[in-house]
Structures are given as structure tokens and as C-alpha cells.
Amino acid sequence: MELPPLNALRAFEAAARLASLTNASREINVTHSAVSQQVRQLEEWIGRRLFRRVGRGIVLTPAGEEFSEAVSTALRVISASTRRLKRRPGTRPLSVGCIASIATRWLVPAIQDFLRMHPDIDMRVEYAHAQETFDADKHNVLITLSRADSEACRSVRLFSRMNKPVASAHYVKHKPEILHSNGLKGAELLHDESLDGWAQWFEKAGMTRVKPLRGPIYQDFNLLTGAIMAGHGVALCPTQVFRREIAHGDLVVLSDIATLEDQGYYLSRAHDAGSAVDAFTDWFQQICASEDDEPNAQLL
């Protein structure tokens, strides 16, 4: 049996699917130079060019397209067989990767109901990064900001990522002026990862800030959430994700002007993942289904 180096095949498949050596290196957790070297090694072994550079990107050559289809099919078959063999007799293990903001608000509080309905399913919930892409070798289900639709997998949208300004009821009580149409000009602002979100919002709102664009920046969205609930200021939040807190009056929407309307939170899974994944997908879609319309601002 004549086979090229398996590590080179994996690097080639990821680079071909993602059309990027950089994204391939992130997915398979090696350096960019390692992926580049493995692709060159594969090209030398075969004796054909598989990629050509276009600007800063890469595209498959005709030989690369033919080889990519064969390699992708073979690796999917191997991956599916491996997952089946790893399953313990009498159980249906289910690995769910989920970003913390969705896990803490929607998945973890309801997970016991799912397990009671499906006592034969073993579940493992793992932390996922917001931009992490679906990898069937790592998770059966992935819940992130990334959408993945292909021959091998599909994504369903759980929530809109539409961001609106919100604050805790405690903050609004002590600073009621922010409920007026221009009240946010002088509010204490809280930021998710950078100042960019609020800069975009004020530009869209056509408002000129009274104060410079300042305020604490939180690297993790759950840290930002803690600051909002503690009454430290106003933040841009996905109101569909926080609709329960808004409905209960714990959070107040301060404006109907929104950003990131075209983005969302997605559940990704393989097409042929099996009955356990099907059951979880249907159940979690129902859990996340919108109960009300988009929450509106409570302006004076």
C-alpha cells in the first residue's frame, strides 16, 4: 500500500478546506511553518504542485482539487469509524463544546432535563473559544460564533448576536438620566475585548460623546457580564442571549439602536453524527427558541 506521510495529509486537507495555511495551522494546532513544510513534503512526495499562491492566499491546482476530494473523503471515513469504535458498549457518549456565555445561561441550567430524557447518553461538556470551528474529531457538537456548512457538517442558528446597550436595574435606579434619548453620552461604559464595539455603536447612533471613549475592557465576556450585573456601567450585549434577565427586570435595554445584526450563535454538528446528536440538537434548539420578540428599550 503506497501512502504519503499521514501528518502531511492532515495538513493538506485542512489547508485545502480552509484555503489558508494560517487557519490550517490553528485548526491542527501546529505552527504556520510546520503546515507549509508538510504541504511541500507532500508535493515533493507526489511530484505535483497542489497549491498556488494568489495574493496572500492559496488556491488548489487541478491536481490539488482532485487529491483534496479523495483525501477529505478518506479522512471522514476514518474519523467516523474511529468515533464508533471509541464508544463504550451500552452507551452513547456525547461531547459538546460550548462557549461560556451560552453554557452558563442556557445549556448548564437545563442539561439535567436532557439527561433525564436520555439516560443512556453519557455527556461531556467542554469549554470552546468564540471563533473555534467545528472538528468532528474533537466534538460531536460545537456551539460558538462560527458557522460551518459543508458536505460533512451543518450549522443551525440558535440566537442573533444583535447587540444593544444594557445596564443593570441597580445602575438605572441610581442613574435614571440614562433612560433619556441622549443619556448614554455621559454613561460609564464597559467594553468587551476593545473599545471598537462602542465606537461603532456611537457612530451608528450619530451621537457625540460628552466624555472620551473610556472604561474598563474585559477580555472574557463572562467577566463583562459580572460587571454589568454588579451595576458598574453600560455594555453592549446580545439581547436574545440575555432575554431572560431582561424579562425578569434584572437588565434594562437602553436603546433600540443595535450593532452586529447580521451575526449569530451557531450549533454545528456532522450530518451523520447519530441519534444522540440528533436528540441533543432538537432539544437545545427548543431550549433556545425565542419566547418573545426582540426586547425593546425602556426610554423615557
Side-chain angles (χ1 to χ4, degrees), residues 22 26 98-106 108 127-132 143-147 158-266 293-300:
T22 299
R26 290 172 180 162
C98 187
I99 55 176
S101 57
I102 302 300
T104 55
R105 274 168 184 77
W106 295 93
V108 173
Y127 177 77
H129 300 292
Q131 303 299 332
E132 187 173 339
I143 302 167
T144 64
L145 298 177
S146 297
R147 182 171 186 166
L158 300 174
F159 301 101
S160 167
R161 201 186 171 194
M162 179 186 290
N163 273 357
K164 293 181 180 180
V166 304
S168 71
H170 174 78
Y171 184 84
V172 172
K173 180 179 179 180
H174 288 83
K175 199 163 187 174
E177 63 269 21
I178 66 172
L179 290 174
H180 293 277
S181 58
N182 290 320
L184 293 179
K185 287 185 177 181
E188 288 82 14
L189 302 181
L190 309 175
H191 305 274
D192 181 18
E193 295 188 349
S194 74
L195 303 177
D196 294 344
W198 272 113
Q200 293 170 7
W201 188 88
F202 277 107
E203 181 179 358
K204 185 170 183 179
M207 291 186 187
T208 302
R209 280 274 295 168
V210 175
K211 298 179 181 179
L213 197 60
R214 298 182 58 192
I217 298 172
Y218 294 90
Q219 184 179 12
D220 182 89
F221 189 74
N222 277 332
L223 297 177
L224 175 65
T225 301
I228 302 168
M229 300 304 294
H232 293 174
V234 183
L236 294 170
C237 287
T239 50
Q240 277 199 5
V241 174
F242 284 81
R243 66 174 182 262
R244 288 173 175 169
E245 290 89 342
I246 294 169
H248 294 159
D250 299 322
L251 290 179
V252 179
V253 180
L254 304 174
S255 172
D256 285 328
I257 298 171
T259 58
L260 306 184
E261 300 99 319
D262 59 337
Q263 298 185 28
Y265 296 82
Y266 296 91
D293 294 333
E294 181 68 27
N296 294 320
Q298 298 183 25
L299 297 174
L300 297 176

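Residue numbers start at 1 and run along the sequence shown.
- Closest of all the heavy-atom pairs between Gln219 and Asp192 is O-OD1, 4.4 Å.
- Listed here is the closest heavy atom pair of Pro165 and Ile257: CD-O, 3.7 Å.
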**OP:** Could you check Tyr266 against Phe159 for side-chain contact (heavy atoms from CB on, under 4.5 Å), going step by step and ending with a plain yes or no?
**Re:** CA-CA 7 Å; Tyr266 296 91; Phe159 301 101; over 6 Å; no

**OP:** Given side-chain contact (heavy atoms from CB on, under 4.5 Å), test Trp201 with Lys164 step by step and report yes or no.
**Re:** CA-CA 9 Å; Trp201 188 88; Lys164 293 181 180 180; 6.0 Å; no

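- Interatomic distance, Ile178 CD1 to Lys185 NZ, rounded to the nearest 0.5 Å: 15.5 Å.
- Side-chain atoms of Trp106 come within 3.5 Å of backbone atoms of Val241 as a donor-acceptor pair (strictly under, hydrogens ignored).
- We find that Lys175 and Glu188 are joined by a salt bridge, their nearest charged nitrogen and carboxylate oxygen being less than 4.0 Å apart.
- Judged by the 6.0 Å and 45° rule, Arg214 forms no cation-pi pair with Trp198.
- Ser194 and His191 get closest at one heavy-atom pair: O-CB, 3.4 Å.
- Proximity of a side-chain donor or acceptor of Thr144 to a complementary backbone N or O of Glu132 within less than 3.5 Å is detected.
- Taking each heavy atom of Ala169 and Gly249 in turn, the nearest pair found is CB-O, 3.3 Å.
- Legend: residues meeting salt bridge (charged side-chain N to carboxylate O under 4.0 Å, His left out) with Glu203, ordered by chain and number and at least two apart, are absent.
- Across all their heavy atoms, Cys237 and Asn163 have their closest contact at C-OD1, 3.1 Å.
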Original post:
Step by step, would you call Tyr265 with Gln240 a side-chain hydrogen bond (donor to acceptor under 3.5 Å, both in side chains)?
Top reply: CA-CA 10 Å; Tyr265 296 82; Gln240 277 199 5; over 6 Å; no

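- Comment: Lys204 engages Glu261 in a salt bridge, judged by a side-chain N to carboxylate O separation of less than 4.0 angstrom.
- A distance of 9.5 Å separates CG in Leu236 from OG in Ser255, rounded to the nearest 0.5 Å.
- What you find for Ala167 and Val172 is that their closest heavy atoms are CB-CG2, 4.2 Å.
- To the nearest 0.5 angstrom, Leu158 atom CG is 7.0 Å from Ile102 atom CD1.
- No side-chain heavy atom of Val252 sits less than 4.5 Å from a side-chain heavy atom of Ile246.
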**OP:** Evaluate the side-chain contact (heavy atoms from CB on, under 4.5 Å) criterion for residues Val166 and Leu254: first the C-alpha distance (whole Å), next the side-chain angles of each, then the deciding distance (0.1 Å), finally the verdict.
**Re:** CA-CA 6 Å; Val166 304; Leu254 304 174; 5.8 Å; no

**OP:** Assess whether side-chain contact (heavy atoms from CB on, under 4.5 Å) is satisfied between Gln263 and Met162, documenting all intermediate values.
**Re:** CA-CA 7 Å; Gln263 298 185 28; Met162 179 186 290; over 6 Å; no

I'd like a table of donor-acceptor pairs (distance under 3.5 Å, sequence neighbours excluded) in which one partner is a side-chain atom from residues 222-235, with atom names and distances.
| residue | atom | partner | partner atom | Å |
| --- | --- | --- | --- | --- |
| Thr225 | OG1 | Phe221 | O | 2.9 |

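- Listed for the Ser160 side chain is no donor-acceptor partner under 3.5 Å among the backbone atoms of Gly264.
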